[in-house]
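Notes follow once the structure below has been shown.
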Amino acid sequence: MKKTMLSALALIVAGSVTLPAMAGDTLDAVKKRGHVLCGVNTSAPGFSSADSEGNWKGLDVNTCRAVAAAVLGDADKVKYVPLSSSQRFTALQAREIDILSRNTTWTMTRDASQGAVFVAVSYYDGQGFIVPKEFGIKSAKELDGATVCVQSGTSSEKTLADYFKTNKMKYQTVVLDTTEATQAAFLSGRCQVYTTDMSDLAGMRTLAQDPSKYEILPELISKEPLGPAVARGDDEWFQIVRWSFYTTVEAEELGVTKANVDELRKTSTDPNVQRLLGVNEDMGKLIGLDKDWSYRIIKQVGNYGESWTAYFGPETALNLPRGLNRLWTDGGLMYAQPIR
């Protein structure tokens, strides 16, 4: 028996044995329920927002849609749960949602003590400030004595305090519970400054009656790596969400899009493309899914660049530079772990 066990261990170490994925509780629950429960921001243009008919769109929305396509075969089988900043981790811990995809900053505190585990960075951001142009303020260093709107339950509160303390400036805060309330307070003049992630500032400005009256100051005062998270304790679900996101990035790296995925599946001789699309290897079995899981993600949701262009690109109201969110091959930080 001892020899048999040693032989089996040697095979595993040598990589000759592929261990099958074990179905986790979350995957079983999602399949039984028939949809993914996705925790999203109540109003974050570019990341998650609902139109007049209740249809949700955005980069964070597409993360959940990718998982639904992989697991349930249909990217539309998602129920969106709008959450405030203070509600989001409680909802995740209570398993009221399967995925928290709510432009949330990955920090050590959140990753280690709030019952969540972050899956990947889906957007590299940084905190900044926006002010009415009429004040003539051109730098954050001119904000001494300002009244600042900030949302409770966010990392922005601590970063704001750190920045003003470091620069020996004084300030007062107007703290509100929801994104909408914080934005409304700033636009109505209850505070002189609004602080949050730069992407959110750009999104908020599009909601103003006259966006040209507001200026985003140039300083970035923090690193804000945003990404989806899942509840601790279900490694199998964690892997499914992680590799569903990385599939979208890998697809952009390899030039695979919604439009050409069917053609490339038939004609590509690139082993990486064939592997990604389930032509020559079954990668799905490693995470408890079928062979077509990644093909469905690309066909129904598209690659990362397609999502970026649709929600932040030059044809959108946000019109943000891609910056650090460019692929690593273009000088950015967006990098997919190899699907092989």
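Positions are given from 1 along the sequence. Remember, predicted model here, so these are calculated numbers, not experimental data.
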Quiz prompt | Straight-line distance of Ile297 CD1 to Leu289 CG, nearest 0.5 Å | solution = 8.5 Å
Practice problem: Heavy atoms only: give me the nearest Val71-Lys31 pair and the separation to one decimal. | Solution: CG1-CG, 4.3 Å
Practice problem: Show the numbers, then the answer: is there a side-chain hydrogen bond (donor to acceptor under 3.5 Å, both in side chains) between Ser139 and Glu219? | Solution: CA-CA 7 Å; Ser139 168; Glu219 288 90 351; 2.5 Å; yes
Practice problem: Flag yes if Phe245 and Leu226 sit in one hydrophobic cluster, no otherwise; membership is Ile, Leu, Val, Met, Phe, Trp, Tyr, and two members link when side-chain heavy atoms are under 4.5 Å apart. | Solution: yes
Exercise. Write out all pairs satisfying side-chain hydrogen bond (donor to acceptor under 3.5 Å, both in side chains) with one or both partners inside residues 164-175, taking only residues at least two apart or from two chains.
Key: none
Practice problem: Please check if the side chain of Glu315 supplies one atom and the backbone of Ala310 the other of a donor-acceptor pair under 3.5 Å. | Solution: no
Self-check item: N-O pairing of Glu215 and Lys133 below 4.0 Å
Solution: no
Quiz item: Taking NZ, NE, NH1 and NH2 as the nitrogens, is one of them in Asp292 or Arg265 under 4.0 Å from a carboxylate oxygen of the other?
Solution: yes
Quiz item: Any chain of hydrophobic side-chain contacts (each under 4.5 Å) joining Phe89 to Val81?
Solution: yes
Quiz item: Hey, does the side chain of Thr257 reach the backbone of Asn260 with a donor-acceptor pair shorter than 3.5 angstrom?
Solution: yes
Exercise. Tell me, please, which residues at least two apart from Trp237 pass ring-ring contact (aromatic ring centres under 6.0 Å, His included).
Key: none
Practice problem: May I ask you to test the Thr182-Tyr194 pair for a side-chain heavy-atom distance under 4.5 Å? | Solution: yes
Quiz prompt | Transitive ILVMFWY cluster of Trp328, excluding itself - 4.5 Å side-chain cut-off | solution = Tyr335
Quiz item: When rounded to the nearest 0.5 angstrom, what distance separates OH in Tyr80 from CG in Asn55?
Solution: 9.5 Å
Self-check item: Ser84 versus Asp177, side-chain donor and acceptor atoms under 3.5 Å
Solution: no
Practice problem: Starting at CD of Glu252, measure out to CD of Glu306 and round the result to the nearest 0.5 Å. | Solution: 8.5 Å
Quiz prompt | Pairs meeting criterion disulfide (SG to SG under 2.5 Å) with involvement of residues 196-308, two or more places apart | solution = none
Self-check item: Step-by-step side-chain hydrogen bond (donor to acceptor under 3.5 Å, both in side chains) determination, Thr26 to Asp98
Solution: CA-CA 7 Å; Thr26 308; Asp98 303 314; 5.5 Å; no
Exercise. May I have all residue pairs that pass ring pair (Phe, Tyr, Trp, His ring centres under 6.0 Å) and include part of residues 197-232, sequence neighbours excluded?
Key: Phe186-Tyr214
Practice problem: Answer with yes or no whether the hydrophobic clustering places Met198 together with Val121; edges join I, L, V, M, F, W, Y residues whose side-chain heavy atoms lie under 4.5 Å apart. | Solution: no
Exercise. State plainly whether the residues Asp290 and Lys285 are in salt-bridge range, i.e. N to O under 4.0 Å.
Key: no
Quiz item: Do Leu201 and Ile137 belong to the same hydrophobic cluster, where Ile, Leu, Val, Met, Phe, Trp and Tyr are linked whenever their side-chain heavy atoms lie under 4.5 Å apart, directly or via other members?
Solution: no
Quiz item: With a 4.5 Å heavy-atom cut-off, do Glu96 and Leu37 have their side chains touching?
Solution: no
Quiz item: Judged by atom type as modelled, is there a donor-acceptor pair below 3.5 Å linking the side chain of Arg88 to the main-chain atoms of Gly153?
Solution: yes
Exercise. List the steps and the verdict of side-chain hydrogen bond (donor to acceptor under 3.5 Å, both in side chains) for Asp162 and Thr159.
Key: CA-CA 5 Å; Asp162 289 347; Thr159 302; 5.5 Å; no
Quiz item: Is it the case that Glu224 and Thr105 place a side-chain donor and acceptor less than 3.5 Å from each other?
Solution: yes
Quiz item: For atom CZ of Arg190, is the number of surrounding heavy atoms from other residues, nucleotides or ligands below 6.0 Å larger than 12?
Solution: no
Practice problem: Could you tell me whether Phe312 and Phe47 have their ring centroids closer than 6.0 angstrom? | Solution: yes
Exercise. Could you tell me the separation between the CD atom of Gln127 and the CG atom of Asp197, rounded to the nearest 0.5 Å?
Key: 6.5 Å
Practice problem: Kindly say whether Gly203 contributes a backbone atom to a donor-acceptor pair with the side chain of Thr206 at under 3.5 angstrom? | Solution: yes
Quiz item: When rounded to the nearest 0.5 angstrom, what distance separates OH in Tyr246 from CD1 in Ile339?
Solution: 10.0 Å
Quiz item: Per the side chain to side chain contact (heavy atoms under 4.5 Å, CB included) rule, which among Trp293, Tyr304, Tyr295 passes with Thr247?
Solution: Trp293
Quiz prompt | For Thr179, all residues meeting side-chain hydrogen bond (donor to acceptor under 3.5 Å, both in side chains), sequence neighbours excluded | solution = Asn41, Gln151
Quiz item: Does the distance from a Lys or Arg side-chain N to an Asp or Glu carboxylate O, for Arg102 and Asp60, drop under 4.0 Å?
Solution: no
Quiz item: Does the side-chain hydrogen bond (donor to acceptor under 3.5 Å, both in side chains) test come out yes or no for Asp210 and Ser212, once each step is laid out?
Solution: CA-CA 5 Å; Asp210 186 354; Ser212 67; 2.5 Å; yes
Quiz item: For the residue pair Ser156 and Thr196, what are the closest heavy atoms and their distance?
Solution: OG-CA, 3.7 Å
Quiz item: Under 3.5 Å, is there a donor-acceptor pair between the Glu180 and Thr42 side chains?
Solution: yes
Exercise. Can you establish whether the number of heavy atoms outside Lys158 located under 6.0 Å from its atom NZ is more than 12?
Key: no
Exercise. Supply the atom-to-atom distance Ser307 OG to Arg65 CZ, rounded to the nearest 0.5 angstrom.
Key: 8.5 Å
Exercise. For Asn272 and Arg275, test the side chains for any donor-to-acceptor distance below 3.5 angstrom and give the result as yes or no.
Key: yes
Quiz item: Under 4.5 Å between side-chain heavy atoms, hopping through other hydrophobics if needed: is there a path connecting Leu324 to Tyr123?
Solution: yes
